[in-house]
Amino acid sequence: MDHDTAPSGEGFVTLYAGPLDGLVLTAAHLDRMAQDRGSERYFLLTNRGVTGLYQEVDGRWVYATPRLPAAPDQPTDQPEEPA
């Protein structure tokens, strides 16, 4: 249902992955909630007590996953465990 059009002409958008996977919103409602951050668009939504941060990627709204841990050659903020 990604960007499908209902008979009334109202566009719909489906959220992908994350805690709100499969939730369908009207495109107009989503556009009112979305925030532009340079070349990226995000929105934070809470539905029935579940919250998810979503990002527009290639025309689809997908769960904005947390950043991955630093690569082994990069310093980390966590202390090493004793051997």
Side-chain angles (χ1 to χ4, degrees):
M1 288 182 61
D2 188 33
H3 297 285
D4 287 347
T5 303
S8 66
E10 182 83 33
F12 290 90
V13 178
T14 302
L15 304 183
Y16 293 93
L20 300 172
D21 183 42
L23 184 67
V24 178
L25 305 168
T26 64
H29 183 71
L30 192 145
D31 283 340
R32 284 191 302 270
M33 293 186 305
Q35 295 185 12
D36 295 324
R37 300 286 186 213
S39 63
E40 298 177 330
R41 293 182 76 201
Y42 292 91
F43 77 92
L44 181 67
L45 178 67
T46 300
N47 184 34
R48 298 182 183 184
V50 178
T51 301
L53 177 65
Y54 285 80
Q55 177 181 15
E56 187 175 29
V57 178
D58 297 328
R60 294 175 72 181
W61 285 93
V62 297
Y63 183 60
T65 57
R67 300 280 185 225
L68 297 175
D73 60 334
Q74 295 178 351
T76 62
D77 294 337
Q78 299 176 355
E80 293 184 24
E81 293 184 22

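Note that the structure is predicted; figures quoted are calculated from it, not measured.
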Residues two or more places apart in sequence or in another chain: which of them pass side-chain hydrogen bond (donor to acceptor under 3.5 Å, both in side chains) with Arg37? Gln35
My understanding is that only residues two or more places apart in sequence, or in another chain, count here; which of them pass salt bridge (charged side-chain N to carboxylate O under 4.0 Å, His left out) with Asp21? none
Tell me whether Tyr42 contacts the main-chain N or O of Ala64 through its side chain, where contact means a donor paired with an acceptor under 3.5 Å. no
Pro19 to Gly52 - nearest heavy-atom pair and separation: CG-CA, 3.9 Å
Per side chain to side chain contact (heavy atoms under 4.5 Å, CB included), Leu20 is matched among Leu25, Thr51, Leu45, Thr46 by Leu45
List in chain and number order the residues that pass salt bridge (charged side-chain N to carboxylate O under 4.0 Å, His left out) with Asp36, two or more places apart in sequence or in another chain; answer none if no residue qualifies. Arg41
Measuring from atom CZ of Arg48 to atom CG of Leu23, what distance do you get when rounded to the nearest 0.5 angstrom? 8.5 Å
What's the shortest heavy-atom distance between Ala17 and Tyr63, and which atoms? C-CB, 3.8 Å
For Tyr54 and Tyr16, indicate whether the former's side chain and the latter's backbone hold a donor-acceptor pair under 3.5 Å. no
Indicate yes or no: at least one non-hydrogen side-chain atom of Phe43 is less than 4.5 angstrom from one of Leu15. yes
